Student: 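This structure is in structure tokens; I'll ask about it shortly.
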Amino acid sequence: MQLKNKVAIITGAASGIGKEIAIEFAREGAKVCIADLALDAATATANEINATGGVAMGVAMNVTDEAQVDQGVADTIAQFGGVDILISNAGIQIISPIVDFKFEDWKRMLAIHMDGAFLTTRACMRAMVKAGNGGTILYMGSVHSHEASPLKSAYVAAKHGLLGLAKVVAKEGAKDKIRANVICPGFVRTPLVDKQIPEQAKSLGISEADVIKNVMLKETVDGEFTTVQDVAELAIFLAAFPSNALTGQSITVSHGWHMQ
Ligand code: NAD
């Protein structure tokens with residue numbers, strides 16, 4: 001049990017990567033808060049974890065809403081006694097050439113990825129500093145924190161931005177033993193990716209099979225998708241790391257797509 005009695009808040013944890021991290025953190029002994037847009041979806045995931053012997057709660061949290069973020073973090077602390085780990089994971093994808101990109105879509109993308117990361121970081125850092133027990137903040141970046149792809153201008157910009165935020169948190173947090181790192185997955189088959197396969201096929205004028213083989217997995221070493229379990233393994237490693245030696249970094253988990 002590498003995370004025994006640690007309290008973790010995971011945003012976007014009712015689906016995909018965040019959900020798997022929540023399940024595996026609970027298996028490692030963490031108490032997990034499932035923070036997602038809809039309370040029923042967050043509670044359903046928490047119930048699944050509680051039914052298998054874990055400890056979880058659900059909160060309704062739109063990460064772009066300052067009051068909801070502050071309330072969700074306060075509710076978690078009231079129920080579980082503190083917060084040790086934040087996984088800022090909630091995210092969306094919007095595929096469009098820049099010339100057709102709607103300004104509202106650009107702002108929505110930056111709000112969820114950047115405002116969400118800032119608001120959850122601020123609320124958790126305030127609590128971590130006050131409690132004096134240190135903490136870990138992990139951002140769900142992407143290979144797109146380091147690489148660009150066509151049709152993903154806002155996503156690539158937002159994912160690059162998380163690297164900068166993590167580095168500042170690492171510097172400001174060090175004196176309070178708060179570490180910050182960025183996880184950078186390659187393509188993972190979640191609802192976020194399943195939605196964009198037909199969208200990319202249409203925009204690029206190729207088949208869905210070609211999107212998978214020649215766009216998504218082209219640069220991997222073995223043509224394989226990264227899995228939610230792969231990402232959760234890395235999250236456990238980073239959350240359990242015992243010192244400030246590993247902070248302000250990004251780690252890519254992608255079957256070799258983008259070697260640093
Ligand atoms: P997903 O669609 O399965 O899950 C995303 C979750 O975020 C959903 O439960 C959704 O309700 C929630 N969410 C969306 N907007 C929110 C908001 N404003 N407030 C709170 N919650 C919100 O997607 P996923 O693939 O699991 O993606 C999770 C994260 O991983 C994202 O940040 C994504 O960019 C990143 N990522 C995904 C991949 C991939 O290939 N799937 C690769 C690299 C990075």
Side-chain angles (χ1 to χ4, degrees), residues 9-24 33-46 48 58-69 71-73 86-95 105 107-120 123 138-147 149 152 154-163 165-166 182-197 199-200 211-212 215-217 219-220 224-232 234-235 250-255 257-258:
I9 297 176
I10 306 165
T11 68
S15 174
I17 292 171
K19 182 172 178 178
E20 184 64 22
I21 291 175
I23 291 168
E24 298 207 20
C33 169
I34 313 296
D36 212 303
L37 283 173
L39 183 59
D40 55 350
T43 305
T45 302
E48 273 180 51
V59 300
M61 183 192 287
N62 181 338
V63 296
T64 70
D65 183 311
E66 185 176 13
Q68 281 188 30
V69 169
Q71 190 62 52
V73 172
L86 165 67
I87 316 271
S88 171
N89 165 79
I92 59 165
Q93 179 58 278
I94 300 170
I95 305 285
D105 285 343
K107 285 192 279 197
R108 190 157 69 96
M109 177 74 77
L110 292 190
I112 294 173
H113 291 261
M114 296 299 307
D115 298 4
F118 163 70
L119 290 172
T120 51
L138 299 179
Y139 299 97
M140 198 52 64
S142 164
V143 167
H144 285 112
S145 298
H146 297 284
E147 289 269 352
S149 292
K152 296 187 175 177
Y155 186 85
V156 170
K159 290 301 190 190
H160 275 64
L162 291 176
L163 298 177
L165 177 62
V182 185
I183 295 173
C184 297
F187 282 99
V188 183
R189 284 305 288 260
T190 65
L192 180 141
V193 163
D194 286 340
K195 178 171 172 286
Q196 67 179 279
I197 293 170
E199 289 174 353
Q200 288 224 39
V211 169
I212 292 173
V215 178
M216 294 185 163
L217 304 180
E219 303 292 336
T220 63
E224 286 190 29
F225 277 101
T226 301
T227 65
V228 289
Q229 290 82 7
D230 294 325
V231 182
L234 179 56
S250 68
I251 302 193
T252 302
V253 53
S254 65
H255 285 259
W257 174 28
H258 185 81

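Numbers here simply count residues along the sequence, with the first being 1. Just so you know, ligand 1 is whichever comes first in the structure, and atom 1 is the first atom listed for that ligand. Everything numeric in this text was worked out from a predicted model, so none of it was measured.
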Student: Quick check on contacts: which atoms of ligand 1 are under 4.0 angstrom from a heavy atom of Gly186?
Tutor: 40 (O), 42 (C), 43 (C)
Student: Under 3.5 Å, side chain of Ser145 to main-chain N/O of Lys159, donor-acceptor pair present?
Tutor: yes
Student: Are the side chain of His144 and the backbone N or O of His160 linked by a donor-acceptor pair below 3.5 Å?
Tutor: no
Student: I need the nearest protein heavy-atom contact for atom 40 (O) of ligand 1: residue, atom name and distance, please.
Tutor: Val188 N, 2.7 Å
Student: Short list, please: which atoms of ligand 1 are under 4.0 Å from a heavy atom of Phe187?
Tutor: 40 (O)
Student: Given that the side chain starts at C-beta and the backbone is N, CA, C, O, which of these parts of Gln93 lies under 4.0 Å from ligand 1, counting heavy atoms, or is it both or neither?
Tutor: neither
Student: Is the distance between the ring centroids of Trp257 and His146 less than 6.0 Å?
Tutor: no
Student: Quick check: closest heavy atoms across Val193 and Val188, and the distance to 0.1 Å?
Tutor: CG2-O, 3.1 Å
Student: Side-chain contact test, heavy atoms from C-beta onward, threshold under 4.5 Å: evaluate it for Asp194 versus Arg189 and give yes or no.
Tutor: yes
Student: To the nearest 0.5 Å, what is the distance between CD1 (Ile87) and CG (Leu138)?
Tutor: 4.0 Å
Student: Under a 4.0 angstrom heavy-atom cut-off, which atoms of ligand 1 come close to Gly141?
Tutor: 43 (C), 44 (C)
Student: With the threshold set at under 4.0 angstrom, would you say Ala41 reaches ligand 1 through any of its heavy atoms?
Tutor: no
Student: If you look at every heavy atom in Leu165 and Ala117, which pair is closest and at what distance?
Tutor: CD2-CB, 3.7 Å
Student: What protein heavy atom is closest to atom 11 (O) of ligand 1, reported as residue, atom name and distance in Å?
Tutor: Asp36 OD1, 2.6 Å
Student: In this structure, does ligand 1 have an atom that sits under 4.0 Å from one of the heavy atoms of Phe225?
Tutor: no
Student: Please name the pair of heavy atoms, one in Ile95 and one in Glu199, separated by the smallest distance, quoted to 0.1 Å.
Tutor: CG1-OE1, 3.5 Å
Student: Check the pair Asp40, Thr43 against side-chain hydrogen bond (donor to acceptor under 3.5 Å, both in side chains), reporting the backbone distance first and the verdict last.
Tutor: CA-CA 5 Å; Asp40 55 350; Thr43 305; over 6 Å; no
Student: Give me the nearest non-hydrogen protein atom to atom 29 (C) of ligand 1 as residue plus atom name, then the distance to 0.1 Å.
Tutor: Asn89 O, 3.0 Å
Student: Suppose I only count heavy atoms of His113 and a 4.0 Å limit; which atoms of ligand 1 are within that range?
Tutor: 32 (O), 34 (O)
Student: Only heavy atoms of Val193, strictly under 4.0 Å: list the atoms of ligand 1 that pass.
Tutor: 39 (C), 40 (O), 41 (N)
Student: Return the residue, atom name and 0.1 Å-rounded distance of the protein heavy atom closest to atom 7 (O) of ligand 1.
Tutor: Gly12 CA, 3.4 Å
Student: Is the contact between Ile112 and ligand 1 made by the side chain, the backbone, both, or neither, using heavy atoms and a 4.0 Å cut-off?
Tutor: side chain
Student: By number and element, which atoms of ligand 1 are closer than 4.0 Å to a non-hydrogen atom of Asn62?
Tutor: 17 (C), 18 (N), 19 (N)
Student: Give me the nearest non-hydrogen protein atom to atom 35 (C) of ligand 1 as residue plus atom name, then the distance to 0.1 Å.
Tutor: Met140 CG, 3.7 Å
Student: With distance as the sole test, does Thr11 use its side chain to make a donor-acceptor pair with the main-chain N or O of Asn89 at under 3.5 Å?
Tutor: yes
Student: Might you work through the ring-ring contact (aromatic ring centres under 6.0 Å, His included) test for Tyr155 and His113, ending with a clear yes or no?
Tutor: CA-CA 8 Å; Tyr155 186 85; His113 291 261; 5.5 Å; yes
Student: For side chain to side chain contact (heavy atoms under 4.5 Å, CB included), just list the numbers for Glu219 and Val143, CA-CA rounded to whole Å, side-chain angles, deciding distance to a tenth of an Å, and then say yes or no.
Tutor: CA-CA 11 Å; Glu219 303 292 336; Val143 167; over 6 Å; no
Student: Any idea which protein heavy atom is nearest atom 24 (P) of ligand 1, and the distance to it?
Tutor: Thr190 OG1, 3.5 Å
Student: Side chain or backbone, does Tyr155 bring an N or O within less than 3.5 Å of an N or O on ligand 1?
Tutor: yes
Student: Tell me: protein heavy atom nearest atom 37 (C) of ligand 1, and distance?
Tutor: Ile17 CD1, 3.6 Å
Student: Could you tell me which atoms of ligand 1, counted from 1 in the order shown, lie closer than 4.0 angstrom to a heavy atom of Met61?
Tutor: 19 (N), 20 (C)
Student: Yes or no on side chain to side chain contact (heavy atoms under 4.5 Å, CB included) for Met216 and Val211, after CA distance, side-chain angles and deciding distance?
Tutor: CA-CA 6 Å; Met216 294 185 163; Val211 169; 4.2 Å; yes
Student: At less than 4.0 angstrom from any non-hydrogen atom of Gly16, what atoms of ligand 1 do you find?
Tutor: 3 (O), 26 (O)
Student: At what distance is the nearest protein heavy atom to atom 19 (N) of ligand 1, and which residue and atom is it?
Tutor: Val63 N, 3.0 Å
Student: Which part of Lys19 is near ligand 1, with near meaning a heavy atom under 4.0 Å away: side chain, backbone, both or neither?
Tutor: neither
Student: Return yes when His144 approaches ligand 1 closer than 4.0 angstrom through a heavy atom, no otherwise.
Tutor: no
Student: Between the side chain of Gln68 and the main-chain N/O of Asn62, is any donor-acceptor distance below 3.5 Å?
Tutor: yes
Student: Heavy atom under 4.0 Å from ligand 1: found in Leu192's side chain, backbone, both, or neither?
Tutor: both
Student: Among Gly18, Ala90, Ala38, which one puts a heavy atom closest to atom 22 (C) of ligand 1?
Tutor: Ala90
Student: I need the Ser250 OG to Leu162 CG distance, nearest 0.5 Å.
Tutor: 10.5 Å
